[in-house]
Amino acid sequence: MATVDIDSIPAVYDAKNTEEEIYKLWESEDAFKADSSSQKPPYSIVIPPPNVTGVLHMGHALDGTLQDILVRYHRMSGYETLWVPGTDHAGIATQNVVEKNLRMEGKTRFDLGREKFVEKTWVWANEHKSSILNQFKRLGASFDRSRERFTLDKGCSDAVKEVFVRLYEKGLIYKGAYIVNWCPRCQSAISDIETDYETEKSNLWEISYPLKDEPGAIVVATTRPETIYGDVAIAVNPTDYKYKDLVGKTVCIPLTGREIPIIADDYVDKSFGTGALKITPAHDPNDYEVGKRHGLKPIWVIDEQGKMKTCEEVHPDVQGLDRFEAREKTVGLLKLNNSLIRIVPIEHNVGKCQRCNTTIEPLLSEQWFVKMEPLAKAAIEAIDKGELRFVPERWTKNYLGWMTNIRDWCISRQLWWGHQIPAYYHKTTGEMVVAKENPDPENYVQDSDVMDTWFSSGLWPLSTLGWPNTENPDFKKFYPTSVLVTGFDIIFFWVARMIVSGYEFSGKAPFSTVYIHGLIRDELGQKMSKSKGNTIDPVGIIDKYGCDALRFTLTSLCTYGGQDIKISDERFEYGRNFANKIWNASRFVMINLDGVDNKPIDFGSLTIADKWILDKLNKTAKEINENIENYRIGETAHTLYEFFWNSYCDWYVEIAKIQLNDEKLKANTQRVLLYVLDQTLRLLHPIMPHITEAIWQKLPLQKDEKLLMKSKFPTYSEKLSFETEAREMEFVFETIKSLRNVRQAFNIPVSLKMNIEIISEGKEEEIFKDIEAYIKRLARVEGIKYIDAKEGEGIKQSASAIVGNSKIIIPLKDLIDINSEIERQNKKLEKILNEKKSLLGRVNNPKFVANAPVELVNQTKERIEELEQTQKAIEELVESLKI
RNA sequence: GGGCGUUUAGCUCAGCUGGUAGAGCGCCUCCCUUACAAGGAGGAUGUCGGGAGUUCGAGCCUCUCAACGCCCACCA
């Protein structure tokens, strides 16, 4: 015999304490730990590793919640489930933070030296990586901390070296001079996708270059006058008649007088500017290509700091100046020199460093690259072969577009924090060796560059599961992973690269599904960012509303199309209110469990309401399984909300109050209440893990598992299907609703119990007799009298309702106004007539009858019959009222 | 320039394979009915952006126009 201490269950759900307590319970049971030797089928997810520099934001909260839902659902559905947590060393971001801290001490990284600096950064990273993952704990994340990884740890480092060497040996990694996006502030090259473009107002300066040894000049338009010192040619379009005679001649660079040729190249757009273009191969990617075609040697005039070089090509007054100062100075000099023809204001796009927003300086330099095209092949075919799919599907196109136009990937970064490139140079001969280890530390020094952060995170599914040791039990059991959950913003940075490396090094896609969710935005639809000050801190929301409230709200806002999600603080009231509802409904059940036995439900003595709720539960379970399997997470939340609140609480619990007062029904009702609650908690658990576990722990159930999170997830069961009763219950709802409607329409006080008369026959009359108790209680009815159709004299001075083919009469002398009752009935009649009219229109259309499915035609006809009967009944009512 | 998305109730948005529109919030009425006022009961509200087409039937499919948003590429 079970008892529940009700005093221990307050009427308002205490999320904070409950969540803390429950997470501790899971941890103490080591419940998130996966077993690679298990016989169960595997289900695995690797977390998109948050930056060590990061703090939990709403995007993490959504991403983490979705993963946790999938993981918890599969864990309960019989899979050996592994969710791998970890963090990313975030090369530039982390180095920036540590450098900033140093600056506050008045130091730079160079004061410390590389070794000391990296050491210091490790200390910082170690301190912070637990902090972001601990914040994920506040989310209820059921990841396996015993398998936590870091993109710079030994295992990841080994994988990185292995991959680098293999790709190098295959000729897919090469070192070469190329124009890269150089960030003068970060002092490093960055990749194309780390560069953002911003529209800026600027000028097009038209500068005149005089011809050598003859009168005349050619005028070029440029947005970067400071680069004239690096010019190696003036290019015009070969078809441009204006300049036809000038091609092949020589001009002098104003201010310095250096001589350069006029060349012809298709690249030049005749209609832009003056149609003549200055070529600066060292500082512009397109110019570099043109220069290469014409065998022109680049001249460097801007250094890595973004300052003008001190060299003979640069005008002495400009040497050493910052590039923007140099621009002003150069324009001034040109003006004095009469070389400046005019200034045309324009708006153009300027590349910016994604990390620090510094204007990018295209710079010709020696960097390491990965040849992507051969690697992309398998990643492209994966889609056609059906080995990889995106949810929602529209992202496939995006992914394929990028993959098929892929460019080589600049992987070297001139930083100190990261995986150092495993290339070694002989101290005297300069000979280069690429190897996992330094072949001879006496005589070889390692390349000083490190690799792009995304190089190591691109190996994440491989490296976290033990690759390159393919005999590792985790790798054998859990690779490839099941699904990758992330936002669309890192499809190119990360997802695409993981797919490429998955195919290259394991021959398989690292996951078969990429589930892409929307981005979190503020209530105005703007991206959340610290600089805008519009962020909502998930931890703050958890403190205020509770973790499960946060999870439920976020989940409910997910759409199948993966739309972005606008949130505001108040939206989380939705989840909090639902959590409170769950808490209180459970509280009601527990309060009413006195004398409960642990016997199974007696199916022989179920009431119509019992059968209805079991049927509804069963259908809900079916839907939930389908929804989660198909990544319809938002619908999962809505379905559960609707079932629990509108079916279980609003109707079944209210009906149970009646049945619990009936000694014959009490025990079985308790069992049904408890059973449905137990099953519902299981269904809700993946989305709202804490509250469900907390309640479940209190329920006096016979339990196979100690924890709800390890218990079986409900599925559809034929045994619980009660179609007929489910339909009959609709009759009950109709009846009660119409009676409530009448009460409200005529302002009948709740305290006044009504007496009603029913005109009915056959099956319907039987049902009425079955559900009398429900009607009496839920519609506050005193007595029910069954009368013959002919005894209808009481209709005068009564309100009435039609349910099915039956008439319910509510005699209300003095309480009702006949005219308003007539009006009320006429309104209903009008609705019915409207519906009937349109349905008749269909049925009378021979084409509809010929083309529509037979079922639909029959359904429509049946509906018309129903409507006609109701119409007739209402018309009779109105007639008798009028008398 | 190329691609994608959005436009549905006052607000925020659902609506899967076409069968006469839904939720939450807000609003109006009533109710502290012994789980819950973070609650209960009842109610009002939409020519589904405009136009055309396909279909027996269109919020959903096709075309077109419009507005807003995002991504990619980038001409000095």
Side-chain angles (χ1 to χ4, degrees), chain A residues 6 9 11-13 192-193 197 204-205 220-224 227 235 267-269 271-280 284-287 346 348-349 351 394-395 397-398 401-402 405 488-489 491-492 518-519 523 525 527 545 549 553 556-557 559-568 570-571 573-574 576-592 626-627 630 632 634-635 638 641-642 649-650 653-654 657 736-737 740-745 747-751 777-780 834-835 838-839 841-842 845-853 856-857 859-860:
Chain A
I6 295 308
I9 311 174
V12 172
Y13 172 54
D192 292 338
I193 47 177
Y197 287 88
L204 207 48
W205 286 276
V220 304
T222 180
T223 52
R224 302 205 55 195
T227 63
Y267 168 71
V268 183
D269 179 353
S271 61
F272 191 90
T274 62
L277 172 66
K278 61 194 249 354
I279 302 298
T280 320
D284 183 281
N286 295 306
D287 290 9
I346 57 156
H348 68 152
N349 289 335
R394 67 190 157 95
W395 294 108
K397 203 172 172 182
N398 214 276
W402 193 73
N405 294 306
F488 59 80
D489 50 334
I491 291 180
F492 304 144
L519 260 36
E523 50 195 318
K527 242 184 195 172
Y545 297 104
T553 300
S556 75
L557 296 173
T559 64
Y560 185 61
Q563 295 302 323
D564 288 353
I565 296 167
K566 281 194 251 181
I567 58 165
S568 60
E570 304 80 55
R571 291 206 117 185
E573 288 173 8
Y574 179 64
R576 179 203 56 185
N577 293 355
F578 187 45
N580 196 238
K581 189 73 180 178
I582 296 169
W583 184 256
N584 277 293
S586 306
R587 196 161 159 265
F588 167 82
V589 172
M590 289 188 270
I591 289 168
N592 288 286
E626 286 169 1
N627 282 335
N630 291 304
R632 292 176 182 277
E635 288 199 21
H638 299 146
Y641 185 94
E642 201 275 335
C649 294
D650 288 351
V653 164
E654 293 307 315
K657 287 176 184 171
I736 291 165
K737 278 186 201 167
R740 283 170 173 173
N741 196 312
V742 167
R743 186 182 284 277
Q744 187 85 16
N747 265 321
I748 300 162
V750 194
S751 53
R777 165 86 177 232
L778 299 178
R780 304 204 139 244
N834 276 339
E835 193 183 341
S838 99
L839 291 181
R842 280 203 216 175
N845 181 344
K847 286 185 176 170
F848 172 75
V849 180
N851 293 315
L856 186 71
V857 177
Q859 265 173 33
T860 311

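Look at the C1' atom in both A9(B) and G51(B): the space between them is 24 Å, to the nearest Å. C70(B) and A76(B) have their C1' atoms separated by 28 Å, given to the nearest Å. Across U17(B) and A37(B), the matching P atoms stand 42 Å from one another, rounded to whole Å. Between the C1' atoms of C61(B) and C25(B), the separation comes to 33 Å (whole Å). Using C1' as the reference atom, A14(B) and C72(B) are 30 Å apart when rounded to the nearest Å. Across the C1' atoms, U54(B) and A41(B) are found 47 Å apart, a figure rounded to whole Å. G24(B) and G69(B) have their C1' atoms separated by 24 Å, with the value rounded to a whole Å. C27(B) and U20(B) have their P atoms separated by 32 Å, with the value rounded to a whole Å.
In this structure, K657(A) satisfies the cation-pi test against F588(A), with its NZ or CZ atom closer than 6.0 Å to the six-membered ring centre and inside 45 degrees of the ring normal.
Rounded to whole Å, the distance from CG on D284(A) to P on C74(B) is 11 Å. Between the CG atom of N349(A) and the P atom of C72(B) there is a distance of 12 Å, given to the nearest Å. K566(A) has its NZ atom 14 Å from the P atom of U6(B), to the nearest Å. In this structure, CZ of R394(A) is placed 12 Å from C1' of G3(B), rounded to the nearest angstrom. For the pair I565(A) CD1 and G24(B) C1', the computed distance is 15 Å after rounding to whole Å. Rounded to whole Å, the distance from CG on D287(A) to P on C74(B) is 14 Å. Separating the CG atom of L519(A) from the P atom of G69(B) is a distance of 17 Å, rounded to the nearest angstrom. For N398(A) and G2(B), the CG to C1' distance is 12 Å, given to the nearest whole Å.
With D564(A) contributing its side chain and G518(A) its backbone, the two residues share no donor-acceptor pair below 3.5 Å. Between the side chain of N405(A) and the backbone N or O of G401(A), at least one donor-acceptor pair lies under 3.5 Å. Under the 3.5 Å distance criterion, the side-chain polar atoms of N580(A) are left unmatched by any main-chain donor or acceptor of V12(A). Between the side chain of R571(A) and the backbone N or O of K566(A) there is at least one donor-acceptor pair closer than 3.5 Å. Remark: the backbone N or O of K847(A) is paired with a side-chain donor or acceptor of N845(A) at under 3.5 angstrom. Listed for the R740(A) side chain is a donor-acceptor partner under 3.5 Å among the backbone atoms of L778(A).
Listed here is the closest heavy atom pair of R394(A) and G561(A): NH2-O, 2.7 Å.
One finds a side-chain N or O of N741(A) lying less than 4.0 angstrom from the OP1 or OP2 phosphate oxygen of G43(B). In terms of phosphate contacts, K737(A) brings no side-chain nitrogen or oxygen within less than 4.0 Å of OP1 or OP2 of G42(B).
Summary of the strand contacts: R571(A) and K847(A) both lie near RNA chain B, and taking for each the nucleotide with the nearest heavy atom, the more 5' one is attributed to R571(A).
Residues forming a side-chain hydrogen bond (donor to acceptor under 3.5 Å, both in side chains) with Y267(A) (at least two apart in sequence, or on another chain): N286(A). In this view, Y13(A) satisfies the side-chain hydrogen bond (donor to acceptor under 3.5 Å, both in side chains) rule with no residue, not counting sequence neighbours. For the salt bridge (charged side-chain N to carboxylate O under 4.0 Å, His left out) test, residues two or more places apart in sequence or in another chain that qualify with D192(A) are R407(A).
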Inset, instruction - Starting at the 5' end of nucleotides 14-20 of chain B, put B wherever the base has a protein heavy atom under 4.0 Å, S where only the sugar-phosphate does, and a dash everywhere else. - result: SSS--BB
Inset, instruction - Determine, for nucleotides 25-40 of chain B in 5'-to-3' order, which nucleotides have protein heavy atoms under 4.0 Å from the base (write B), from only the sugar-phosphate (write S), or from neither (write -). - result: ----B-----BB-BSS
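Nucleic acid contact for Y574(A): sugar-phosphate only, since backbone atoms but no base atoms lie under 4.0 Å from a heavy atom of the residue. Counting non-hydrogen atoms under 4.0 angstrom, D269(A) reaches a base of the nucleic acid.
Within the model, atoms OH of Y574(A) and OG of S556(A) stand 5.0 Å from one another, a figure rounded to the nearest 0.5 Å.
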Legend entry - Dot-bracket pairing map - RNA chain B, Watson-Crick plus G-U, both contacts under 3.5 Å, | cross-strand: (((((((..((((.....[..)))).(((((.......))))).....(((((..]....))))))))))))....
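Ring pair F488(A)/W395(A) is parallel by interplanar angle, where below 30° counts as parallel and above 60° as perpendicular.
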